[in-house]
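Reviewing the structure listed below.
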2 protein chains.
Amino acid sequence: MNPLPPLGALRAFEAVARLGSVVKAAESLHVTHSAISHQLRTLEGFLGLSLFLREGKKLLLTEEGRIYALRVRGALGDMAEATQRLQSCPKPHDITIGVVPSFALHWLLPRLPDFKAKYPQYTVNLRAGLGFEDMSNGLLDLAIRMGTGNWEGLQQQHLMDETVLLVAAAHFMPRPQTLAEVQTAVVIANPAIQWTSWCQAAGLADWRPKPAYTYNDSNLEVEAVRLGHGIALSRLSLVSAAIEAGSLVKITEIEVPYQYPYWLIWPEKSSASRKLADFSAWIIGQANDFVNGRNS
Amino acid sequence: MNPLPPLGALRAFEAVARLGSVVKAAESLHVTHSAISHQLRTLEGFLGLSLFLREGKKLLLTEEGRIYALRVRGALGDMAEATQRLQSCPKPHDITIGVVPSFALHWLLPRLPDFKAKYPQYTVNLRAGLGFEDMSNGLLDLAIRMGTGNWEGLQQQHLMDETVLLVAAAHFMPRPQTLAEVQTAVVIANPAIQWTSWCQAAGLADWRPKPAYTYNDSNLEVEAVRLGHGIALSRLSLVSAAIEAGSLVKITEIEVPYQYPYWLIWPEKSSASRKLADFSAWIIGQANDFVNGRNS
DNA sequence: GGTTCATGTTAGTTTTGCTCACATAAAGAC
DNA sequence: GTCTTTATGTGAGCAAAACTAACATGAACC
C-alpha cells in the first residue's frame, strides 16, 4: 500500500487549512474552488476519515486535521525551501543581477553585449524587480537599486546619479516650443517623480501639471511617450539612447537631479567573488562613461 | 511561480537517489523504469539543473543532488509518518486486531459473527500478519500471536494451547488406515511443524516423513489437504471446523501439543480501553469453549 | 424575500503520468 | 572479439488524474 496520498491533494489541503476557505485556497493555488473541493474529497477518501467539520458553508478543521496540516505544512515548506536553495546555489559562471525593470530595459540591455564581449565566460541572468528579499535569500549575486543608500545588512556602492528632463516623441504634434506651451500639453506623469524641482528650475514655481495619464511603471511611461501620447518628465538614463537615436526629443535643456541615485548592492556576507568584481568594475566604467558623456 | 516541482517527480527522484538505480527505483515504486526516467527529466527541467552525473549507464548523484535528496527524503518521510499517525489514531468504535493468517481464516472468522452480535457497536478490522512492528507503531489495538510469550515491551495473556494431528480429506484415497500405511502416504509438510513428538507418540520414533510438498503458509497446507493432495500434520484449531463438517477426517486419534500456544498481546502503554476488555473477554470465552469441547 | 457567497457534485475536457516499443551503450560472459 | 545482458533515455499513444464549467444546495446578509 502507498504510504502517501496524492501529494497534490496534500498541497490543496494545507492551503485550505491555512486560509480557512476552499475559495481562498483555490485563489492561492490558481485553480477553481471545484478542483480544491475534489482534492479534499480524494484526500479524505484515501485517509478514511474527515479532516473538517462541515457546518453549513463553514469548514472547521478537526483537531486531527489541524495537527496533520501542521505536519504537512512543515514538510511542504522544507521541500520548497530545499528546492529554492538548490535552484539558487551559486554557479561560478553564472552571474545573477537584480535590476530596476526600466533601467534594465533602457540602459543596461543595450550595453550588455559589451560586457559579454569582455567576459564571455559568464552566463548573465537579469532579474527584474524592485525588492530586496531576493538579495537576502541568496537568489542574486548583486542588484542595482535606486534610493538613498545606507541599507542595513547590505554592502553598497554608489553607481551614478540620475536626472530628469522633459521629453516628447520626435513626431509628437503640437510640440511645445515655449514653457507656456508646456503648460497646455498632454502630460504623462509617473507618481514616483516629483515636478517641484523641475518647475522651480523652469521658473514655473507656482505651476504643476494636471496629468492626462499617470503610470507607476516607468517602462509604460517611456513607451507612451515614444508612441506620442504626450510629454513626460523622464529619467535621463531611460531616454538618452532614444534621444541620441532621434526618436525622442528634449523639449527644453532643463535637467534637474532625481532624488534617488543608482546603487550597486550585494550581500554583506558575500565572499569577494571574481564575478562580483568583474561585473562591478565593468558597470562602474559604463556608468562613468555615461555620466561623462552627459557632462561634455 | 510554483515553488514546488511536481511532487510525484520528487518521490521518484528520492527513490533513485536512495537506491542508486532507475530500475531499482521503478521496482520500489511499482512502475516501469521509463516512468522514473521521465520523472527525472521533468524534475531536472523544472529545476534547471542536473541532479546526476551520467557516465555511460551509471547514474551518480551530484553533491547538490545528494543534499537535495536528503532534504526531500526527510520531508517525504515526515508526510508519510504524519499520514500513518493520522490513520492510526484511535477510533473508539473500531477495534483493529492483528492475527496469524491461518488462525484468522480457520478459527476466528467463523466465530466473528458471534462477537458482532454481542458487541454490535464495534467495527472489526482484522490485519493478517505475523510481525510485531504494527503493534509497536500503534496500528493495532491487540494481536494474536503464537510463541512462548515473555515478549518485551508488550502485555500478554495466554489464550490457548494448540495441538497437531494427522488429517486427510474425506474423499482422499487411499486413506491410510494403519500407521504402516501412513508411512507410504503422500505427505504435505509445513516446515514450522516438527514431526518428532507425533512420531514418538505414534510409536514411530525412528521414522520421519519424506514430504511430497512443503508449504510454509498454513493456509496453503490446509487447502492442499482439503483438495486431496495428501495428508498433513495440521494444527487442530485450523482443521477442527472442517472435521466437524466432515470434509476432513482424522487419520488417527493421536494428538500431540504444538510447542507454540496462542497469546493475546497488546501495547504495554495501552490505556485500559473498553474495546480491549470487551474483545479479550469474548475471545477468551471462545477459546475456553473450544478447548473444553476438545477435552470432552 | 431576494441576493450574495461558500461548498459540493456531475459531466466533460485537458493535462499528466504511465506503458510500450525501441534505441543506445556499457558491462559481463564465453 | 563477439554475443548477451542490463541500464538509461526517448517518442508515441493511452489511461488516469486533475481541472473547469455548470449547476445545486444552503447559510448569511441586506
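Just so it is clear: chains get the letters A, B, ... in the order the sequence lines come, proteins before strands, and each one is counted from 1.
For DNA chain D, the outermost nucleotides in 5' to 3' order that have an atom under 4.0 Å from a heavy atom of chain B are D:dT6 to D:dA12.
Atom pair B:Leu10:CG and C:dG17:C1' shows a separation of 15 Å (rounding to whole Å applied). Atom pair A:Leu60:CG and C:dT7:C1' shows a separation of 13 Å (rounding to whole Å applied). Rounded to an integer number of Å, the gap from CD of A:Glu44 to P of C:dT9 is 10 Å.
OP1 or OP2 of C:dT9 has at least one side-chain nitrogen or oxygen of A:Arg41 nearer than 4.0 Å.
Put simply, the side chain of B:Lys275 never gets that close to the backbone of B:Tyr122: no donor and acceptor are under 3.5 Å apart. Between the side chain of A:Ser37 and the backbone N or O of A:His33 there is no donor-acceptor pair closer than 3.5 Å. Side chain of A:Arg145 to backbone of A:Leu130: a donor-acceptor contact under 3.5 angstrom is found.
Residue A:Thr42 is classed as having no contact, given no heavy-atom separation below 4.0 Å to the nucleic acid.
Atom CZ of B:Arg85 has 12 or fewer neighbouring heavy atoms from other residues, nucleotides or ligands inside a 6.0 Å radius.
Taking the charged nitrogens against the carboxylate oxygens, B:Glu14 and B:Arg11 have no contact shorter than 4.0 Å, which rules out a salt bridge.
Of the two residues near DNA chain D, A:Lys58 and A:Gly8, the one whose nearest nucleotide lies more 5' is A:Gly8.
Among residue pairs with one or both ends in residues 25-49 of chain B, those qualifying as salt bridge (charged side-chain N to carboxylate O under 4.0 Å, His left out) are B:Glu44-B:Arg54; sequence neighbours excluded.
Separation of atoms CG (A:Asp114) and CZ (A:Arg111) is listed at 9.5 Å; rounding is to 0.5 Å. Here B:Leu108 contributes atom CG and B:Ile144 contributes atom CD1; the two are 5.5 Å apart, rounded to the nearest 0.5 Å.
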Distances for protein N or O near nucleotides 18-25 of chain C N or O, under 3.5 Å:
from, atom 1, to, atom 2, distance (Å)
C:dC18, OP2, B:Gln39, NE2, 2.9
C:dT19, OP2, B:Thr32, N, 2.6
C:dT19, OP2, B:Thr32, OG1, 2.7
C:dC20, N4, B:Ser34, OG, 2.6

